[in-house]
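These figures come from a predicted structure and were not determined experimentally.
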Amino acid sequence: MPSESFIQLGDYQYHPQQQRLFDPDGHELKLRPQSLAVLDLLVSNPGEICTKDRIFQTVWPDVSVTDDSLVQCISDIRKAL
C-alpha cells in the first residue's frame with residue numbers, strides 16, 4: 001500500500017494522490033475512471049453538498065451524459081465499499 005496520506009472510509013482507505021481505493025486487507029479495489037473521479041470529488045469535499053451539476057462538470061466536463069452515468073458510478077462505489 002502507498003505511504004502517502006489517505007482518507008479513511010470506514011474500514012477502507014482512499015489515497016487521493018494516486019486515486020486508489022484499498023479494502024481492509026490492503027488489496028486495491030478497481031473502479032472505472034469515472035467512478036474514481038466521482039469518489040475523489042466527494043471525499044475531497046467533506047461536509048459539502050456536491051450537486052449533480054457540479055459532479056457532471058467535474059467528471060464529464062466536455063461530454064453530455066445522462067443521469068444514468070452518475071447512477072452507475074454511485075452504484076460502483078457502493079458495491080466497492
Quick check for you: to the nearest 0.5 Å, what is the distance between [X] atom [atom1] and [Y] atom [atom2]?
X: C73; Y: W60; atom1: SG; atom2: CH2; value: 4.0 Å
X: C50; Y: N45; atom1: SG; atom2: CG; value: 4.5 Å
X: S69; Y: F56; atom1: OG; atom2: CZ; value: 6.5 Å
X: Y14; Y: I7; atom1: OH; atom2: CD1; value: 7.0 Å

Determine whether a donor-acceptor pair (N or O, by modelled atom type, separation under 3.5 Å) exists between the side chain of [X] and the backbone of [Y].
X: D23; Y: G26; answer: yes
X: S35; Y: L31; answer: no
X: Q34; Y: V38; answer: no
X: S75; Y: V71; answer: no
X: Q18; Y: R20; answer: no
X: D40; Y: L36; answer: no

message: Any non-hydrogen side-chain atom of L9 less than 4.5 Å from a side-chain atom of L39?
response: yes

query: Are any non-hydrogen side-chain atoms of L21 and L81 less than 4.5 angstrom apart?
result: yes

task: Please work out whether the ring planes of F6 and H15 are parallel, tilted or perpendicular, with thresholds of 30° and 60°.
output: tilted

query: Restricting to pairs with a member in residues 68-81, which pass salt bridge (charged side-chain N to carboxylate O under 4.0 Å, His left out), not counting sequence neighbours?
result: R32-D76

message: Walk me through whether T58 and R54 qualify under side chain to side chain contact (heavy atoms under 4.5 Å, CB included).
response: CA-CA 6 Å; T58 302; R54 180 177 175 192; 4.2 Å; yes

task: List in chain and number order the residues that pass salt bridge (Lys or Arg N to Asp or Glu O under 4.0 Å) with K52, two or more places apart in sequence or in another chain; answer none if no residue qualifies.
output: D67

